[in-house]
Colleague: 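Pasting a structure below so you can have a look.
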Amino acid sequence: MKVKVVRDSREIVTYFSYLVSARDYSPWPDKPEGWRAVTKAYSEQLMQLGCKLLERHTDLGTISLLLQDQVGGLQATRDGDKTWITVQPVDRAFVVNLGDHGHYLSNGRFKNADHQAAVNSNYSRLSIATFQNPAPGAILYPLKIREGENPVMDEPITFSEMYKRKMNKDLELAKLKDELEKATHKSCEGLEEILA
Ligand SMILES: O=C(O)CCC(=O)C(=O)O
Ligand SMILES: [Fe+2]
């Protein structure tokens with residue numbers, strides 16, 4: 001057997017970053033040029049992404065099963081963010097969330113759970129989520145609704161179509177929220193303190 005000897009030398013840079021507010025740039029090298037600025041911009045973007053991931057949302061599928069540890073942090077709202085109910089952790093119990101597909105399946109009768117996860121600065125938290133989603137081509141038929149109820153569909157649609165509608169609605173809401181935040185200069189303030 002022929003063995004070819006190849007050189008395998010690598011240089012690895014491991015880079016741990018502090019929170020932007022706690023960062024001291026003075027010992028940082030000047031090279032590569034632009035590194036500080038790029039890192040700063042990257043950190044800011046990452047912080048925004050962190051804010052987005054913690055934001056309130058509904059899950060897409062039929063149901064979601066959540067197993068959160070005793071630290072807790074799961075919250076739900078029924079009034080579009082005005083008040084929040086803390087979902088207390090129950091040992092060995094799953095939290096069952098109705099998702100958007102469940103909402104559509106019932107033609108709007110059952111509400112999809114509007115929820116978020118709040119972090120706690122003292123403890124790490126673990127929550128295991130499993131999502132049940134139908135196949136993209138699965139068809140949803142509009143159920144008959146009672147008088148006074150608002151239907152969410154009046155003709156059969158596929159799950160993909162439902163997904164598109166949900167995404168468009170979420171995007172519209174996100175845009176409105178962004179505009180509102182810009183107008184009131186409110187942002188994801190406070191998150192740095194929570195993460196510190
Ligand atoms: O962290 C949690 O308990 C909730 C997670 C969640 O809502 C999700 O992954 O969709
Ligand atoms: Fe969720």
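Counting starts at 1 for both ligands and their atoms, in listed order. The residues of the chain are indexed from 1 along the displayed sequence.
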Colleague: By atom name, which N, O or S atom of Asp59 is the nearest to the Fe ion (ligand 2)?
Modeller: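 Result: OD1.
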Colleague: Angle subtended at the Fe ion (ligand 2) by NE2 of His57 and NE2 of His115, to 10 degrees?
Modeller: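 Value returned, to the nearest 10°, is 90°.
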Colleague: Without hydrogens or angle criteria, can the side chains of Thr83 and Arg78 be said to hold a donor-acceptor pair below 3.5 Å?
Modeller: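 Per modelled atom types, Thr83 and Arg78 side chains form no pair under 3.5 Å.
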Colleague: Can Thr77 and Asp114 be counted as having a side-chain donor-acceptor contact under 3.5 angstrom?
Modeller: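 No.
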Colleague: Kindly work out whether a path of hydrophobic side-chain contacts (I/L/V/M/F/W/Y, heavy atoms less than 4.5 Å apart) joins Met153 to Ile139.
Modeller: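 Each belongs to a different hydrophobic cluster.
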Colleague: Looking only at side chains, do Thr58 and Asp100 share a donor and an acceptor under 3.5 Å apart?
Modeller: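 Yes, because at least one side-chain N or O of Thr58 sits under 3.5 Å from a partner of the opposite role on Asp100.
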Colleague: Any side-chain donor paired with an acceptor under 3.5 Å for Tyr25 and Arg23?
Modeller: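 Yes, because at least one side-chain N or O of Tyr25 sits under 3.5 Å from a partner of the opposite role on Arg23.
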Colleague: Decide, yes or no, whether a salt bridge links Lys175 with Glu179 under the criterion of side-chain N to carboxylate O below 4.0 Å.
Modeller: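 Result for this pair is no, no salt bridge flagged.
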Colleague: Side chains of Asn112 and His101: donor-acceptor distance under 3.5 Å anywhere?
Modeller: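 Asn112 vs His101: no donor-acceptor pair found between side chains.
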Colleague: List ligand 1's nitrogen or oxygen atoms that come under 3.5 Å of a protein nitrogen or oxygen, with the partner atom and distance.
Modeller:
unit_1   : atom_1 : unit_2 : atom_2 : d
ligand 1 : 1 (O)  : Arg125 : NH1    : 2.9
ligand 1 : 3 (O)  : Arg125 : NH2    : 2.8
ligand 1 : 3 (O)  : Ser127 : OG     : 2.7
ligand 1 : 7 (O)  : His57  : NE2    : 3.2
ligand 1 : 7 (O)  : His115 : NE2    : 2.9
ligand 1 : 10 (O) : His57  : NE2    : 3.0
ligand 1 : 10 (O) : Asp59  : OD1    : 3.1

